[in-house]
Amino acid sequence: MKKSKQWLLLFFAIVFVGTAAFMAINYQIDDTGYFAVEHGDETVDANGYTRAAKSKYLKKNADSCNAVVLGGSKAGVLSTERLSEYTGKNYYNFYTAYGCFSDYLTYGKWLIETAGIEEITLHLSSIEVQMYDRSSVNDIYRVPAFVDGNLLDVALENLNYLCRNIETSVSYALEDKDEKANGMDSLITGERNYSYPYQLIEEDEQSYIKKYVLPRYKKNLQKLFGKAPSVPAIEKNIKALQELKAFCDKKGVTLKVVIGPTFLAEIYKFEGEDYYTYLKKLVEITDIWDFSGFTPENLNPYNFINEGHYKNVVADEMVDTMYGRGNRENFGILLTKDNIDDCLQNRRDAYEDLKKEYEETGTVQLQTKEDESYIS
């Protein structure tokens, strides 16, 4: 009987030690970046659970900033330093991959209440019209329990990340350090790291543009000038912006909204009359800086890192334009209730001109690095 108890105690001791070791490995390797703040990391994997890492960082460092950029991955290159210079606020870039209005509303409210945020620059990518809430896409797109849960939710989420597949953690640990660094963003500023794409561009820009920016150009033009896209999230997005604007007004928070540049090959995802109606309704809520549409800059592949994301210098030009220091005519326009109808008609006309060119030639002639539309 005594030996049976000893063996039982030994069994539980082995299980306890094994489980502890298992959790310790997951905690230390932390392939999703869930424990980045606890580790004191200055960077976080852009493909990891950045929503959790950034939320924890701002809760811990609430005194370090009083303004944020909210948006999807495109917003990641908006310079916090540049925004701070213009506004006098201490900005943090709270971009999240695959951003959506559900996120913008949830995090906007939470940041105001938790970190004392006084100003929000909300960056829209237009493709938010496709899906209101992306939490079902993958675990790393969910709102972390740290933001919207109770103590039990937080404990269970921590346990979940401590008990992840050990094989995944070990594989992550064995990845090449240099390659891994290419995908690490700054946790201190929240900004996106494009050092690796810029390295490739420096080596052979023409090959880079062909491989990363233009691979689906012809196919996407067919879609742009074909059937109107599905935009099912429009009504929910409008309600979310109304709610966020009302909350900001109630709390005395400044809300600035901007739609970022969109390369011609991506515009097919939303362009159409439903989208134009959507813009009209958004402008009824607040004025919006718009850098999307059929401008020469959006027809120049050299302004983009890939089909869906623009370069840092483009982001800088956007910010300069928003604060009256831009050097480009008609690059961006402030949409208001007074000018929205004229702006939308101009956009329709530009679309029809490009469609005619496409039907006559089978393509749309893009701008080049030698054109004035190239932002350098």
Inset, instruction - Quick one: sort the Y141 and Y98 rings into parallel, tilted or perpendicular, breaks at 30° and 60°. - result: perpendicular
Any donor-acceptor N or O pair under 3.5 Å, side chains [X], [Y]:
| X | Y | value |
| --- | --- | --- |
| N220 | E307 | yes |
| T106 | D103 | no |
| N298 | Y310 | no |
| D371 | S373 | no |
| Y91 | E119 | yes |
| N312 | Y198 | yes |
| D338 | T336 | no |

Legend entry - For R134, all residues meeting side chain to side chain donor-acceptor pair (under 3.5 Å), sequence neighbours excluded: none
Inset, instruction - Check side chain to side chain donor-acceptor pair (under 3.5 Å) between S73 and all other residues, then give those that pass, not counting sequence neighbours. - result: H309
Those residues that, when tested against [X], pass ring-ring contact (aromatic ring centres under 6.0 Å, His included) (two or more places apart):
| X | answer |
| --- | --- |
| Y217 | none |
| Y107 | F94 |
| Y27 | F35, H39 |

Inset, instruction - In plain terms, say whether D353 and K356 are close enough for a salt bridge, that is, a side-chain N and a carboxylate O under 4.0 Å apart. - result: no
Inset, instruction - Would you mind checking if E372 and R328 are paired as a salt bridge, meaning a charged N to carboxylate O distance below 4.0 Å? - result: no
How about [X]: does its [atom1] atom have over 12 heavy atoms from other parts shown lying under 6.0 Å from it?
| X | atom1 | answer |
| --- | --- | --- |
| E273 | CD | yes |
| Y86 | OH | yes |
| E38 | CD | yes |
| D63 | CG | no |

Inset, instruction - Would you please indicate if the ring centroids of F270 and Y278 are separated by under 6.0 Å? - result: no
Contacts under 3.5 angstrom, residues 167-175 side chains, donor-acceptor by atom type, not counting sequence neighbours:
{"from": "S169", "atom 1": "OG", "to": "N26", "atom 2": "OD1", "distance (Å)": "2.4"}
{"from": "S171", "atom 1": "OG", "to": "E167", "atom 2": "O", "distance (Å)": "2.9"}
{"from": "Y172", "atom 1": "OH", "to": "D45", "atom 2": "OD2", "distance (Å)": "3.0"}

Side-chain atoms of residues 146-155: list all donor-acceptor pairs with protein atoms under 3.5 Å, sequence neighbours left out, distances to 0.1 Å.
{"from": "N150", "atom 1": "OD1", "to": "L152", "atom 2": "N", "distance (Å)": "3.1"}
{"from": "N150", "atom 1": "OD1", "to": "D153", "atom 2": "N", "distance (Å)": "2.8"}
{"from": "D153", "atom 1": "OD2", "to": "N150", "atom 2": "N", "distance (Å)": "3.1"}

Sequence neighbours left out, what passes salt bridge (charged side-chain N to carboxylate O under 4.0 Å, His left out) with [X]? Give chain and number order.
| X | value |
| --- | --- |
| E157 | none |
| R347 | E271, D290 |
| D341 | K280 |

Legend entry - Sequence-distant partners of A46, side chain to side chain contact (heavy atoms under 4.5 Å, CB included), two or more places apart: Y95, D185
Legend entry - side chain to side chain contact (heavy atoms under 4.5 Å, CB included) partners of S186, counting only residues at least two apart: I188, T189
Legend entry - Residue pair K239 / Q242, side-chain heavy-atom distance below 4.5 Å: yes
Inset, instruction - Keeping the roles fixed (side chain from R51, backbone from A97), state whether a donor-acceptor pair exists under 3.5 Å. - result: yes
Inset, instruction - Spell out, as yes or no, whether a donor-acceptor pair under 3.5 Å connects the side chain of N303 to the backbone of E297. - result: yes
Legend entry - Closest heavy-atom pair and its distance - D31, R164: OD2-NH2, 3.2 Å
